[in-house]
**Q** 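My questions will all concern the structure given below.
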Amino acid sequence: MPSRAKKILSPIPVIPNGKQNVADVIKQSQSIFSSSNQDDIRSLCEQLINLLIISSSTDPPNTSLRKCVVKGFSNLPENQYDNVLDQCTKHLQEFFNQQGKERRTDYVSMLNYLIENFPFGLACVLKMKDTISAQLITVGEEIWSDVRSTNVPHHRFTLFQQLQYYLKVVVFLLPKFHDELERDNIISQLVHQMLNDENTVTLEIRLTCSLVWHLLKENEQLLPNAKLDRMKQVTSVELSRLALYFGLVKTTMTNDLCDTHFFTQLLDEILAFKTRDATITVGISKALETYSEALTCSWRNLDTSSLENIVKQLLTFSWDHFSYNVETVRHCSANIYSNMFKITMNHSDLRQIIIDSQLTLLKQLPWQKDGCSLAYHTLLEYISVSDILQWNPKLPESCLMAMNDRGLASEASYLYYVLCHKHYEEEKLKDQWKQIWLKPVVHALDTSTPLHRFLIAEYILPKILKGHPEYLQDLKEITVNPRTLIVCTRIGRTLGLCPNIFSTFSLIEQNLIRQGITSEDEQICLDCLFILCENPKTTEYIIDIEFDLIKYFLQMNVDNGSTSFRNQAISLLKKHFIRLKDSWLFCARQKLKNVDQDFANLTERYRTYLKWLINWCCSHLYLEGSYCQRHLSILTLHWLIHLHGNEGIQTVCQKSKLYDFYELLDKNSMEYLLNCLWDTYEDVRQYSLEIIIKLNVSFDFFHK
């Protein structure tokens, strides 16, 4: 059962009166809240609030129960809030007053849930502002005191999590509870102490603290330049000073801000923090990412020259840090780069300037360099592939050559496909598109190294054929290389593009499969078996050509010494056995429905093939033969019996039966199988014993 279903079907907690479960309460909420009966509405609201309190009494909190409460309250009309607020807040107030030091995490968690998840919860919080503010001040003092008094790393880590969660709630409530939360300046003092701490406080907490500092009433009313001057006097700790710039950007840069000098000065002062210290670099990246996001809303207030200067500085920062050894910095740099393009592509004077500058830069750099792939993907949102190819005509070739490296294969194939797919939509002359994108792939499959061919076949070819299946048939015109045709057919078979591989208009001929089966390249041999065994439609009947070719594969490769090769072959044969079973049962069902099917002929063909297969496998189990023969043969028998059952294949009603294992065995076959019990290799002995047990071989037969 999926995990989501387990959550949904998990035991539903019972509400306090013990007579109804949560599901019943939620079902009633829509009808009761839409009625005019105030007593019923108040009663139901009390029940839902009690459920919410129950959800917070467990560790961790019961999120499923909380979601049920939110769903119930979603049916409460806003005009009913005033009628039920007093009763609901009374219960919540009792809960909040009971929370001591050991339960402060639950207190903050409940408060955060009420604020974020449903409007009625926020209305309850606003109703209890005095109680909540007093509790928040106390909780903040306790957490900060504990942080300063402990040196145990995992204790401090837990306290930092609580502190971050607490500050998040304060940031949300501070604009609404200015007078209550800033009473006695305790919150302000705590924030100043955190910002002036040199070694203990983490960057994340400093960033959130900076938001609290900027939202304090005395600072919130200041003009941007005055706030900038005041915050420079708050602390001498470099990391905290940087965090205050982050808070300034977050709280000040809005659509209404039109001071060009302030935008420029702010960017210059943030960039002035540049250092080799990784933590400070992370802080700079976060501040600039926030700056770039704010700029996407307010860039229209800047003059062109100032905006161009800002954009170039931020693009330069991104390119300088695409390869930085901290993931957060690389992620922020990518977002900054994307944000700058969003701005400049909507600016008529800067659009072409930025496009040309980035294309010029990309022409000088290999696409594998950090950031180049992102730059190409970003450019593709705003310009055509033809424009990119005019600047860098060797880009497709470069992507294909990068497929020699396993580490670059995924990224290179994705870029190649995106360029190829978008160019297909732009280009009217499809022959030219094939010349640029399809023929180089086929040429590489024809002539390149085994690793290069393998990576192209596994990464690029499936993407192209999935997007443009009509070109699978065209590959036959582009190349006559048997190996390439086999690989392309195998990919098409995987994608379900060529179910009838030996039809009149098939991509591949029987002789090519035979050539591939005897190829020196083991991967080509396996690809041929894959073509024969793999079929998304397992109920498709198997034709005689497929049986003959599978027989030919087994005969030609029974002595292969590679364990990996034999295991992959068995894995494919398992799919073949499943299709054999499903297709016969499908035909049997059609016969029972009186649908005209050649059931008798199909049964005879399948039974003849299975008789050959079983006895062929047994004939290669003689002890004087090679281990390779015995290993492949015993595994084939093992999986045939495992997938078809020890009594063969038969319908559920047992009216029709394809075969019985004993009936198909020749006289000497069981003797060969029994002889494997004395084989020198343990795995052969083990598999033969399992087969004999499954077949329920009688003691008399064994003794004989």
Side-chain angles (χ1 to χ4, degrees), residues 22 25-26 29-30 32-34 38 41-58 60-99 103-140 143 162-183 187 208 211-212 214-217 220 250-251 254:
V22 176
V25 174
I26 303 308
S29 64
Q30 188 170 3
I32 292 177
F33 285 151
S34 59
Q38 296 300 317
I41 291 174
R42 277 193 290 270
S43 175
L44 182 56
C45 285
E46 285 186 59
Q47 287 182 323
L48 290 173
I49 286 295
N50 286 332
L51 286 174
L52 187 61
I53 292 171
I54 289 172
S55 73
S56 297
S57 62
T58 59
N62 189 330
T63 54
S64 299
L65 186 53
R66 284 182 169 183
K67 289 177 182 177
C68 290
V69 173
V70 172
K71 185 176 180 181
F73 272 120
S74 65
N75 297 312
L76 180 65
E78 193 172 345
N79 57 13
Q80 291 284 355
Y81 285 4
D82 292 338
N83 299 328
V84 296
L85 264 177
D86 291 338
Q87 201 66 27
C88 291
T89 53
K90 179 182 177 182
H91 291 280
L92 285 172
Q93 209 149 5
E94 291 174 1
F95 168 78
F96 285 132
N97 288 332
Q98 292 171 0
Q99 304 307 305
R103 301 283 291 179
R104 65 192 179 203
T105 305
D106 297 336
Y107 169 81
V108 176
S109 171
M110 170 71 99
L111 194 54
N112 183 69
Y113 201 81
L114 288 168
I115 291 169
E116 284 194 342
N117 290 280
F118 56 111
F120 183 73
L122 179 58
C124 291
V125 171
L126 296 177
K127 183 78 173 177
M128 302 181 292
K129 62 169 61 178
D130 291 328
T131 302
I132 287 175
S133 298
Q135 291 258 17
L136 274 177
I137 293 171
T138 304
V139 168
I143 296 176
Q162 294 180 15
L163 187 57
Q164 181 73 359
Y165 208 15
Y166 165 81
L167 290 171
K168 177 184 173 184
V169 172
V170 172
V171 166
F172 185 89
L173 291 179
L174 194 55
K176 300 174 176 59
F177 295 179
H178 266 310
D179 296 333
E180 291 79 9
L181 280 174
E182 294 188 45
R183 187 173 58 239
I187 295 286
T208 316
L211 293 176
V212 178
H214 284 283
L215 291 172
L216 291 172
K217 196 171 185 179
E220 190 180 33
K250 199 83 171 174
T251 58
T254 62

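Hydrogens, waters and symmetry mates are skipped; everything else that's a heavy atom, side chains included, is used. Residue numbers start at 1 and run along the sequence shown.
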**Q** Supply the atom-to-atom distance Leu216 CG to His178 NE2, rounded to the nearest 0.5 angstrom.
**A**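 NE2 of His178 is found 8.0 Å from CG of Leu216.
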**Q** Any donor-acceptor pair under 3.5 Å linking the side chain of Gln93 with the backbone of Thr131?
**A**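 Not at all, since once roles are kept as given, no pair shorter than 3.5 Å links the two residues.
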**Q** Between Ile41 and Asn83, is any pair of side-chain heavy atoms under 4.5 Å apart?
**A**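 A side-chain contact under 4.5 Å is absent here.
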**Q** By salt bridge (charged side-chain N to carboxylate O under 4.0 Å, His left out), which residues pair with Glu46, not counting sequence neighbours?
**A**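 So Glu46 forms no salt bridge (charged side-chain N to carboxylate O under 4.0 Å, His left out) with any residue.
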**Q** Run Phe177 and Ile132 through side chain to side chain contact (heavy atoms under 4.5 Å, CB included) and show every step you take.
**A** CA-CA 10 Å; Phe177 295 179; Ile132 287 175; 4.3 Å; yes
**Q** Show your reasoning for whether side chain to side chain contact (heavy atoms under 4.5 Å, CB included) applies to Lys250 and His214.
**A** CA-CA 9 Å; Lys250 199 83 171 174; His214 284 283; over 6 Å; no
**Q** Just wondering, more than 12 heavy atoms not from Lys67 lying within 6.0 Å of its NZ?
**A**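 Count not over threshold, so no.
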**Q** With rounding to the nearest 0.5 angstrom, report the CG to CG distance, Leu181 to Leu136.
**A**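 Those atoms lie 6.0 Å apart.
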**Q** In the structure I gave you, are the side-chain heavy atoms of Asp130 and Glu180 within less than 4.5 Å of one another anywhere?
**A**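 Asp130 vs Glu180: side chains touch.
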**Q** Please report the shortest heavy-atom distance between Leu48 and Gly72, naming the atom on each side.
**A**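 Heavy atoms only, the tightest pair is CD1-C, 4.1 Å.
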**Q** Rounded at 0.5 Å granularity, tell me how far SG in Cys124 sits from CZ in Phe73.
**A**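 Rounded to the nearest 0.5 Å, the SG-CZ separation comes to 6.5 Å.
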**Q** Side chains of Asp179 and Lys217, heavy atoms from C-beta outward: is any pair under 4.5 Å?
**A**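 Asp179 vs Lys217: side chains touch.
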**Q** Can you confirm whether Cys45 sits close enough to Phe33 that some side-chain heavy atom of one is under 4.5 Å from a side-chain heavy atom of the other?
**A**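 Yes, their side chains come closer than 4.5 Å.
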**Q** Given Lys127 and Asp86, is the side chain to side chain contact (heavy atoms under 4.5 Å, CB included) satisfied, shown in steps?
**A** CA-CA 8 Å; Lys127 183 78 173 177; Asp86 291 338; 3.1 Å; yes
**Q** Could you please spell out the steps behind the side chain to side chain contact (heavy atoms under 4.5 Å, CB included) verdict for Met128 and Gln135?
**A** CA-CA 11 Å; Met128 302 181 292; Gln135 291 258 17; over 6 Å; no
**Q** For the residue pair Met110 and Leu52, establish whether any side-chain heavy-atom pair is separated by less than 4.5 Å.
**A**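 When only atoms from C-beta onward are counted, Leu52 and Met110 do touch, with a gap below 4.5 Å.
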**Q** Taking all non-hydrogen atoms of both residues into account, name the closest pair between Lys168 and Asn112 and its distance.
**A**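 Closest approach of Lys168 to Asn112: CE-OD1, 3.9 Å.
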**Q** Hey, what do you get for CG (Leu85) to CG (Leu92), rounding to the nearest 0.5 Å?
**A**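 Reported value, rounded in 0.5 Å steps: 10.0 Å.
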**Q** A side-chain contact here means heavy atoms from C-beta on lying under 4.5 Å apart; do Leu111 and Phe172 qualify?
**A**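 They are not in side-chain contact.
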**Q** Nearest 0.5 Å please: distance from the CD1 atom of Ile49 over to the CG atom of Leu44.
**A**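 The CD1 atom of Ile49 sits 10.5 Å away from the CG atom of Leu44.
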**Q** Looking at every heavy atom in both Leu211 and Val171, which two are closest together, and how far apart are they?
**A**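 Reported closest heavy-atom pair: CB-CG2, 4.0 Å.
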**Q** Less than 4.5 Å apart, any side-chain heavy atom of Asn50 and any of Gln47?
**A**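 No, every pair of side-chain atoms sits at 4.5 Å or beyond.
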**Q** Return the set of residues passing ring pair (Phe, Tyr, Trp, His ring centres under 6.0 Å) with Tyr166 (not counting sequence neighbours), or none when no residue passes.
**A**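 Result, ring pair (Phe, Tyr, Trp, His ring centres under 6.0 Å) vs Tyr166: none returned.
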**Q** Using the six-membered ring wherever Trp is involved, compare the ring planes of Phe120 and Tyr81 and label them parallel, tilted or perpendicular (cut-offs 30° and 60°).
**A**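 The rings of Phe120 and Tyr81 stand perpendicular, inter-plane angle above 60°.
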**Q** Between atom CD of Glu182 and atom CD1 of Ile137, what is the distance when rounded to the nearest 0.5 Å?
**A**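 Rounded to the nearest 0.5 Å, the CD-CD1 separation comes to 9.5 Å.
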**Q** Considering all heavy atoms of both residues, which atom of Val212 and which atom of Leu174 are nearest to each other, and what is their separation?
**A**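 Shortest heavy-atom separation between Val212 and Leu174 comes out as O-CD2, 3.6 Å.
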**Q** Using side-chain heavy atoms (C-beta onward) and a distance below 4.5 Å, is Val84 in contact with Leu76?
**A**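 SC-SC contact between Val84 and Leu76 confirmed.
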